[in-house]
Amino acid sequence: MCISRKILNWYAPKDRGLPWRKTKDPYAIWVSEIMLQQTQANTVIPYYERFMAAFPTAKDLAAAEEEALLKHWQGLGYYRRAKHLMAAAKIVAREGMPGDFEGLKALPGIGDYTAAAIASIAYGEAVAAVDGNLLRIYSRLHMVDGSIDKAAGKRRIVELANKDISRDRPGDFNQAMMDLGSKICTPTSPACGDCPLRGDCMAYHANCAEDYPRKSPKKKQKEEDVTVLLIDLDGRFLIEKRTGGLLASMWGFPMAEGHIRPEDVMKLLSEADFVAKKPEKVAEYRHVFSHRIWNVWVYYAPVEALFAAEGGRTWATKEALKNTYAVPSAFSPALEVIYGMD
DNA sequence: AAGTCGGGGCG
DNA sequence: CGCCCAGACTT
């Protein structure tokens, strides 16, 4: 029996109740696949439900305010995904949803994996959706010695999977591989005894499944000290729209490089023409990104004079911070300080 | 080919 | 703590 048949037989009774598996709407599949990029399914579920309720069609999304979209994306990370999704939705609202792999891949934010996932699930196109799960599974099936994060190793797996994929049920094949990867063929201590593909697996027969996939060594994150300022004008806090780089297009508090002293905070505020009272250090936390770490000091700095916020800055109330502005998790402990005030 | 871009879950 | 996750895009 071929791999395709075995995996489909295993999959049939185990279809999980993930919300995006209950639809064939290409737009809904699309939204879910974008959210699922580098993000675990359980994390995505509540975001997906809220998002589809707010933006049920590509036209709705195309007509939405970017701020509303970002607010829905808050906490999910990789915020460029939201920006690309919106740009693509405008194209789709104008020209219609692409009907195949190549057309999908031409949209911003849709790469090889996502185009294959949508095309196979929504259109029945026989293209393998090669994600981390499938790379891991195939690196074990064939004991692929090239690193899967290098082009050569990945290319080989793409070819192998595209030979194996079911022509009748490509979408189920791809989703079955995801499930196999998350339940059986896991990164550490895979449950080979329960695997429907163990008869075809070179690594299983050589008893070395845990040695795959091969990966090139990753470098350590850079660690940086930063200071976050909670500038309070009568219950409103100064926030700024971040431009470019990390957390771009999200709202954050004014920041300074390094761990600065209260006198330095005072000086910064004066230079910005604030009439400030004595700043006070109110919190300290560590935030870990993929390849960067912030060691954050938080200052509370009440000011007196009103200066009109301009150029991507605004004064936000506690309620607006909670309900209106998209503030990423990197600032959550700072937000908690504000929420804890009377 | 290497860097950049989040955040949470889990051992 | 470090690793991993339904990756894509820029340089």
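What you are looking at is a predicted structure, and each value in this text was computed from that prediction instead of being measured. Both backbone and side-chain heavy atoms feed into the values below; hydrogens, waters and symmetry mates do not. Throughout, a chain's letter reflects where its sequence line sits, starting with A, and its residues are numbered from 1.
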Hey, are [X] and [Y] close enough for a salt bridge, meaning a charged N less than 4.0 Å from a carboxylate O?
X         : Y         : result
Glu223(A) : Arg286(A) : yes
Asp149(A) : Lys218(A) : no
Lys154(A) : Asp112(A) : no

Does a side-chain N or O of [X] approach OP1 or OP2 of [N] to a distance below 4.0 Å, or not?
X         : N      : result
Thr114(A) : dA8(C) : yes
Arg80(A)  : dA8(C) : no
Lys219(A) : dG3(B) : yes
Tyr79(A)  : dG7(B) : yes

Once you apply a heavy-atom cut-off of 4.0 Å, does [X] come out as touching a base, just sugar-phosphate, or nothing?
X         : value
Asp112(A) : sugar-phosphate
His84(A)  : sugar-phosphate
Leu85(A)  : nothing
Gly245(A) : sugar-phosphate
Leu134(A) : nothing

If the [atom1] atom of [N] is compared with that of [M], how far apart are they to the nearest Å?
N       : M      : atom1 : value
dG11(B) : dA6(C) : P     : 15 Å
dG8(B)  : dA8(C) : P     : 22 Å
dG6(B)  : dC3(C) : C1'   : 15 Å

| task | Find which nucleotide of DNA chain B each of Thr188(A) and Leu246(A) is nearest to by heavy atoms, and output the residue with the more 5' nucleotide. | result |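 By nearest-heavy-atom nucleotide position, the 5'-most residue is Leu246(A).
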| said: Ignoring hydrogens and geometry beyond distance, is a side-chain donor-acceptor pair present between Tyr300(A) and Asp232(A) at under 3.5 Å? | reply: yes
| request: Measure from CD on Glu210(A) to C1' on dC3(C) and round the result to the nearest Å. | output: 14 Å
